[in-house]
Amino acid sequence: MSSRKKNLAVFCSGGGSNFKALHQHIQERNLPCQIVMCLSNNSQSGAMQFARENGIDAVHLSSKVVPEEAAFAQAMLSELEKRQVDLILLAGYMKRVPKAVVERYPKRILNIHPALLPKFGGEGMYGINVHRAVLEAKEKESGATVHFVDEHYDEGEIIIQGKVSIAPDETPESLASKVLEVEHRIYTEALVKVLEKMN
Ligand code: GRF
């Protein structure tokens with residue numbers, strides 16, 4: 001008996017290129033899932049614009065709107081539960097996921113990080129800072145990691161990694177775009193792996 005399509009929520013803060021890639025790959029590969037909501041702390045983000053243009057619920061939730069922590073967590077949980085979300089994919093989400101949400105979705109929250117964790121993760125390691133740190137450390141390779149989110153953040157169990165070589169004249173910007181291409185590929189591969197384990 002085929003089980004129902006899994007419902008995905010993507011959490012984004014910015015342009016949402018990972019969200020867009022996931023959306024495209026789910027359609028192209030007819031994956032047994034559907035993105036039912038995009039949650040963002042930035043209602044004007046490219047990700048939210050894309051959601052609105054593609055008939056996906058765009059849910060704006062920010063601590064400016066709901067400053068009290070417990071109410072914020074409850075608001076997030078109710079948005080997820082009313083859409084029977086099975087999996088949460090953080091895709092350029094720059095805010096902490098409340099502990100109550102992490103606990104409610106054990107091994108059901110994925111994140112993509114633009115480096116080869118466990119190196120170059122943790123506090124302050126986001127965006128171009130990551131690629132700058134990798135080059136300053138004279139690394140020979142970099143890449144991206146998809147991992148489960150647990151209460152320790154960038155330390156959750158790794159699902160998949162993709163590598164890129166570093167050219168002698170690499171800049172943080174050129175490395176960022178190389179890694180972003182890998183992100184777009186491996187996030188879908190990670191999703192397929194997790195979906196297979198859920199059935
Ligand atoms: C990506 O580099 C991702 O690794 C990091 O934030 C960025 C998101 O980019 N978490 P986008 O919004 O998916 O384009």
Side-chain angles (χ1 to χ4, degrees), residues 8-28 33 35 37-54 56 58-62 87-97 101-102 105 109-137 139 141-150 152-166 170-191 193-194:
L8 311 184
V10 290
F11 287 15
C12 306
S13 297
S17 72
N18 276 287
F19 168 25
K20 294 170 185 172
L22 283 162
H23 184 257
Q24 181 192 334
H25 297 155
I26 287 167
Q27 283 183 336
E28 282 171 355
C33 59
I35 299 173
M37 68 182 262
C38 173
L39 180 143
S40 182
N41 54 300
N42 175 355
S43 62
Q44 298 313 309
S45 60
M48 292 287 260
Q49 199 47 38
F50 179 80
R52 291 185 196 105
E53 288 163 1
N54 286 275
I56 296 169
V59 177
H60 177 225
L61 186 60
S62 116
L87 270 180
I88 300 168
L89 279 73
L90 309 186
Y93 185 61
M94 296 302 161
K95 300 291 177 187
R96 269 199 169 291
V97 177
V101 177
V102 173
Y105 289 90
I109 306 177
L110 283 63
N111 181 48
I112 186 147
H113 183 77
L116 296 175
L117 292 176
K119 295 173 81 173
F120 305 104
E123 205 59 39
M125 279 293 128
Y126 57 84
I128 203 75
N129 303 346
V130 178
H131 308 297
R132 198 168 286 127
V134 166
L135 293 179
E136 275 161 15
E139 295 288 333
E141 62 181 12
S142 189
T145 304
V146 182
H147 61 95
F148 286 113
V149 171
D150 61 18
H152 302 300
Y153 251 69
D154 284 346
E155 293 161 26
E157 178 193 337
I158 289 175
I159 301 165
I160 191 168
Q161 293 191 305
K163 293 185 177 179
V164 297
S165 61
I166 294 181
E170 204 73 66
T171 64
E173 292 71 21
S174 63
L175 182 54
S177 63
K178 270 175 161 175
V179 170
L180 198 56
E181 265 178 52
V182 168
E183 292 178 38
H184 294 165
R185 175 171 56 78
I186 67 169
Y187 218 160
T188 304
E189 287 170 25
L191 174 60
K193 276 178 85 169
V194 172

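Note that ligands are numbered from 1 as they come in the structure, with each ligand's atoms numbered from 1 the same way. Nothing here was measured: the structure is a model prediction, and the numbers come from that model. We use all heavy atoms of the structure for the numbers below, so side chains are in, but hydrogens, waters and symmetry mates are not.
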For Ser13 and Asn41, test the side chains for any donor-to-acceptor distance below 3.5 angstrom and give the result as yes or no.
yes
Hey, are His184 and Ser17 close enough side-chain-wise for a donor-acceptor pair under 3.5 Å?
yes
Within 6.0 angstrom of Glu189 CD, more than 12 heavy atoms from elsewhere:
yes
Tell me whether the count of non-hydrogen atoms from other residues, nucleotides or ligands lying under 6.0 Å of CD in Glu123 goes above 12.
no
With sequence neighbours left out, the residues meeting salt bridge (Lys or Arg N to Asp or Glu O under 4.0 Å) with Lys178 are Glu170
Okay, side chain of Thr145, backbone of Leu117: is any donor-acceptor separation there less than 3.5 Å?
yes
Distances under 3.5 Å, N/O of ligand 1 against N/O of the protein: list each pair and its distance.
| unit_1 | atom_1 | unit_2 | atom_2 | d |
| --- | --- | --- | --- | --- |
| ligand 1 | 2 (O) | Glu183 | OE1 | 3.4 |
| ligand 1 | 2 (O) | Glu183 | OE2 | 3.2 |
| ligand 1 | 4 (O) | Glu183 | OE1 | 2.8 |
| ligand 1 | 4 (O) | Glu183 | OE2 | 3.2 |
| ligand 1 | 10 (N) | Ile112 | O | 3.2 |
| ligand 1 | 12 (O) | Gly16 | N | 2.9 |
| ligand 1 | 13 (O) | Ser17 | N | 3.3 |
| ligand 1 | 13 (O) | Asn18 | N | 2.9 |
| ligand 1 | 13 (O) | Asn18 | ND2 | 3.0 |
| ligand 1 | 14 (O) | Ser17 | N | 2.9 |
| ligand 1 | 14 (O) | Ser17 | OG | 2.6 |

